[in-house]
Protein chains: 2
Amino acid sequence: MARAGLSRDAVVDLAVRLIDEAPGSADRLTLAAVAAEAGVAVPSLYKHITSLADLRRAVALVALRELVRRSAAATVGRSGPDALRALGTAIRAYAREHPGLYSAAQVSPEADDPASAELAAAALDAVELVAAVLRGFALPETRLVDAVRVVRSAVHGFVLLERAHGFGMPEDVDRSFDALLTVLVDGVAALARS
Amino acid sequence: MARAGLSRDAVVDLAVRLIDEAPGSADRLTLAAVAAEAGVAVPSLYKHITSLADLRRAVALVALRELVRRSAAATVGRSGPDALRALGTAIRAYAREHPGLYSAAQVSPEADDPASAELAAAALDAVELVAAVLRGFALPETRLVDAVRVVRSAVHGFVLLERAHGFGMPEDVDRSFDALLTVLVDGVAALARS
DNA sequence: CAAGCATGCTAATAGCATTAGCCCTGCGGA
DNA sequence: TCCGCAGGGCTAATGCTATTAGCATGCTTG
């Protein structure tokens, strides 16, 4: 048998590509598809991953890091409302360009699995990025957590509804997202005064 | 064989109960579990439903209608900011009390399936309820759609993150949700002035 | 050059949805 | 009252999924 020359990274990369290309969300990822793409029998994958859930978490890590990377790049050199708008726009753009990966990034880490500590760390990075942006609003420290949660909720919710075709009306979705950003900017500023 | 006396409604009701009681989201619903609960072999269920997806949509319909019912009840007799806060609170309360059903309510209807027209109609009712609440803000008609989307996104996103234990910090989540409602009330009011 | 480990394989198990085809039970009409 | 038939249950079978066990082979290192 010619060795396929796989590795954990190669398998994860294949999975990432499959999720990214195939329509539909990340829970449609199947070992059969990965194995076929790799030109390998399904059980062979277990030499590189410990389970499907493990693979999912690895994919989530890749997706989450890329999301954070792009978000950070979009906000660098900006601050205040400008940074917040750029952050929201970057997140939405990532979710639109890579819907499968965006949803893949949402898997929660296993509490007892040490390998998913990286995933938890990446998730923390994402939250920390939002917090960093919001620090430009001079919020009282006790309000920062609230603001982070409000911003995350709003952007995440919008992205999900948009992806699920939850916006039936033909009205311009871009404009609605702009309205969302405006509400967030104003709202966070108001939180800073309270 | 003693007849089990099933019916479509009975099967759907069983599925609703299973989703509601079992932890975890709605996509863990299994025909095996429903059949076991009904005291019947799995294929027998097909006399009452056409597929698992069909059952899922039926459950979604029940869940969505209940969500709308509770939301409507919470907002009756209120208007403006008061109504908006009550609406958000009711949605979150439903999602917390019935996490499985809340997630079940999010399945999107099949475009070509006539049976899921009811589901689409219920979804429309939900959106319409939000719109009705927001009409109390004297928004320009062209902004109403934006406001509806902003509110839906924010509340939905918050509920999802909360359910996914996405709020790592120990800070009071109730207070954060209150901040979200405040941001929405202020934001919608600002939208009305723009 | 030899040994061993990494990496592939096949076979088997178990859970899932779905379809086909059978059979009994209870009800309606003659 | 009896006969028929349809509704509603069943078993068997198919094909998909993940996962585990155990085996073989080839690369690599001592």
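Convention: sequence-line order gives letters A, B, ...; per-chain numbering from 1.
- Taken over five-pair windows at either terminus, the axes of the helix from C:dC1-D:dG30 to C:dA30-D:dT1 are inclined to one another by 0° (rounded to 10 degrees).
- You'll find the ring centres of A:Tyr102 and A:His98 outside the 6.0 Å limit.
- Counting atom types as modelled, B:Lys47 pairs a side-chain N or O with a base atom of D:dG9 as donor and acceptor under 3.5 Å.
- Checking A:Ser7 against A:Asp9 by side-chain atom types alone, no donor-acceptor pair falls below 3.5 Å.
- For A:Arg149 and B:Phe167, the positive end sits near the middle of the six-membered ring, less than 6.0 Å away and at most 45° from its axis.
- Across all their heavy atoms, A:Val133 and A:Thr75 have their closest contact at CG2-CG2, 4.0 Å.
- Of all heavy-atom pairs between B:Ala32 and B:Val42, the closest is CA-CG2, 3.9 Å.
- One can place CG of A:Leu6 at 17 Å from P of D:dG26, the figure rounded to the nearest angstrom.
- The distance from atom CG of B:Asp27 to atom P of C:dG15 is 20 Å, rounded to the nearest whole Å.
- The phosphate of C:dC9 (OP1 or OP2) has a side-chain N or O of A:Ser44 nearer than 4.0 angstrom.
- Summarising the geometry of B:Ser103 relative to B:Ser25, their closest heavy-atom pair is OG-CB, 3.6 Å, with the distance given to 0.1 Å.
- In this structure, B:Arg28 places its CZ atom 20 Å from P of D:dT17, rounding to the nearest Å.
- Of the candidates B:Leu134, B:Leu181, B:Val130, B:Leu84 forms a side chain to side chain contact (heavy atoms under 4.5 Å, CB included) with just one, namely B:Leu134.
- Between the side chains of A:Thr182 and A:Arg85, at least one donor N or O lies within less than 3.5 Å of an accepting N or O.
- At least one side-chain nitrogen or oxygen of A:His48 sits closer than 4.0 Å to the OP1 or OP2 atom of C:dG8.
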Distances under 3.5 Å between protein N/O atoms and the N/O atoms of nucleotides 17-20 of chain C, please, pair by pair.
from: C:dA17; atom 1: OP1; to: B:Thr30; atom 2: OG1; distance (Å): 3.3
from: C:dA17; atom 1: OP1; to: B:Leu31; atom 2: N; distance (Å): 2.8
from: C:dA17; atom 1: OP2; to: B:Thr30; atom 2: OG1; distance (Å): 3.3
from: C:dA17; atom 1: OP2; to: B:Leu31; atom 2: N; distance (Å): 3.3
from: C:dA17; atom 1: OP2; to: B:Ala32; atom 2: N; distance (Å): 3.4
from: C:dT18; atom 1: OP2; to: B:Tyr46; atom 2: OH; distance (Å): 2.5
from: C:dT18; atom 1: OP2; to: B:Leu52; atom 2: N; distance (Å): 2.8
from: C:dT18; atom 1: O5'; to: B:Tyr46; atom 2: OH; distance (Å): 3.0

